[in-house]
Number of protein chains: 2
Amino acid sequence: MDKSDYLNNVLTNNGYKSTIQRNLVYEILAENKDKHLSTEEVYDLIKDKNPNMGIATIYRTLQLFEEIGLVYKHNFDDGCSRYEIMAEDSNEIHQHHHLLCKICGDIIEVKEDLMNSLEEIIEKQYNFEILNHVVKFTGICSQCRNKENENGYRKET
Amino acid sequence: MDKSDYLNNVLTNNGYKSTIQRNLVYEILAENKDKHLSTEEVYDLIKDKNPNMGIATIYRTLQLFEEIGLVYKHNFDDGCSRYEIMAEDSNEIHQHHHLLCKICGDIIEVKEDLMNSLEEIIEKQYNFEILNHVVKFTGICSQCRNKENENGYRKET
DNA sequence: GTAGCTGCAAAAAATTTGCAATTGT
DNA sequence: ACAATTGCAAATTTTTTGCAGCTAC
């Protein structure tokens, strides 16, 4: 099955139409699998392919994509929402583990999914159907720790 | 040690002044330990005690409190930041586990902290100093699951 | 053909900022 | 005394909305 077929199936199955704009947004996200694009960034990237698209459409599209599970919406506290494409074969692959450095703002991805046992307990104990989860650790990254040790203690603005 | 002494110590130790406004914000947060107040909500609650306080001060104060670790800043994707007071004796108590229901929007708190082993691994493997973490599970709560079973399948606006 | 979608521009909502007056140490 | 803090109002930023025209089915 082709990438755009997948998108169009998901749209149709959820009662939405397949449009050039939605395909374009999906394309951009697919081309940036590894990134966390903001609405504005998607907008800028799309300009090359279709300069007429309004940013309101991007907002509406990304919102829709999140609703039907095509993308994951991140919040890194940088003043805007960021989106990441969800793997097509996703079911267990909804792992979004990040390390956010308070000092340099770096976002480090964590690979392992050690959350499965925790999920099981929650599903049973709270009778809560888990669709997705986010795990975020805030702290100080390796690089900044090293710098701290060089410079003595921190006090940044 | 008295509550306000604690606040004033933390402020002083971080090079900030103790002010009536900061004490008031802290007081409001302490009175609402169990809640997740937005800036606007803190502002409204403070009006009774000091009607002259501007909302910009609340924004600045909550930001400051987060920076020096007095509060935890939540994001529940409802369009604003929400704050929760951090326990004074916190060190291991930085557990913020929530279940967010996609349907009714309910926020359920999870008590257990099963994250400790995961933290240890991350600290070692990434040499990342963890200051805080947030674990959020999105899904469907018990109540909504039951309603779904009654009504057949969902399709909400 | 018609409901759904888009683009535009205006509106709304949340947060930030500049600056003069005030306050804490 | 003097730097930090506040209050106010204006500015900025992000996101939403209304609506006329366009498009997919």
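Computation of the quantities below employed the complete heavy-atom set of this structure, encompassing side-chain atoms and omitting hydrogens, waters and symmetry-equivalent molecules.
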Requested in this report: Could you list all the salt bridge (charged side-chain N to carboxylate O under 4.0 Å, His left out) pairs where at least one residue sits in residues 21-30 of chain B, not counting sequence neighbours?
Outcome: B:Glu27-B:Lys49

Report task. May I have the distance from B:Ile58 (atom CD1) to C:dT16 (atom P), rounded to whole angstrom? Result -> 14 Å

Query - Nearest-angstrom distance from the residue atom CD of B:Glu41 to C1' of C:dT15 - result: 16 Å

Requested in this report: Kindly compute the distance separating CD1 (B:Ile28) from CG (B:Leu45), expressed to the nearest 0.5 Å.
Outcome: 5.0 Å

Query raised in the report: Across the strands shown, which category fits B:Ser38 at heavy-atom distances under 4.0 angstrom: base, sugar-phosphate, nothing?
Result: nothing

**Report entry** For atom CD of B:Glu66 and atom C1' of C:dT15, their distance in whole Å
**Finding:** 14 Å

Query raised in the report: How long is the line joining NZ of B:Lys73 and C1' of C:dA14, in whole Å?
Result: 11 Å

Query raised in the report: For B:Ile46 and B:Met53, what are the C-alpha separation, side-chain angles and deciding distance, and is it a side chain to side chain contact (heavy atoms under 4.5 Å, CB included)?
Result: CA-CA 8 Å; B:Ile46 274 184; B:Met53 232 177 125; 3.7 Å; yes

Query raised in the report: Among side-chain atoms of A:Tyr26 and A:Glu31, is any donor-acceptor pair under 3.5 angstrom?
Result: no

Report task. Calculate the interatomic distance between A:Tyr26 atom OH and C:dC5 atom P; express it in whole Å. Result -> 18 Å

**Report entry** Nearest-Å distance for atom pair CG/C1', residues B:Leu64 and C:dT17
**Finding:** 17 Å

Query raised in the report: With nearest nucleotides of DNA chain C determined for B:Cys80 and A:Thr61 from heavy-atom distances, which residue corresponds to the more 5′ nucleotide?
Result: A:Thr61

Query raised in the report: Going by an N to O cut-off under 4.0 Å, is there a salt bridge joining B:Glu41 and B:Arg82?
Result: yes

Query raised in the report: 5' to 3' on DNA chain D, which nucleotides open and close the contacts with chain A (atom under 4.0 Å from a heavy atom)?
Result: D:dT14 to D:dC25

Query raised in the report: To the nearest Å, how far apart are B:Leu62 CG and C:dT16 P?
Result: 11 Å

Requested in this report: Assign each of A:Asp78 and B:Gln21 to its nearest nucleotide of DNA chain D by heavy atoms, then name whichever residue's nucleotide is nearer the 5' end.
Outcome: B:Gln21

Query raised in the report: How many Å lie between CD1 on B:Ile55 and P on C:dT17, as a whole number?
Result: 16 Å

Query raised in the report: If you pin B:Ile20 and A:Thr19 to their nearest nucleotides in DNA chain C, which one's is more 5'?
Result: A:Thr19

Report task. Name the closest nucleotide to the B:Arg60 side chain, picking from C:dG4, C:dT16, C:dT17. Result -> C:dT17

Query raised in the report: With no hydrogens and no angle check, do the side chains of B:Asn23 and B:Ser18 hold a donor and an acceptor under 3.5 Å apart?
Result: yes

Query raised in the report: Within the structure, does a side-chain N or O atom of B:Gln63 lie under 4.0 Å from either OP1 or OP2 of C:dT16?
Result: yes

Report task. Could you label the plane-to-plane angle of the B:Tyr72 and B:His74 rings as parallel, tilted or perpendicular, counting under 30° as parallel and over 60° as perpendicular? Result -> perpendicular

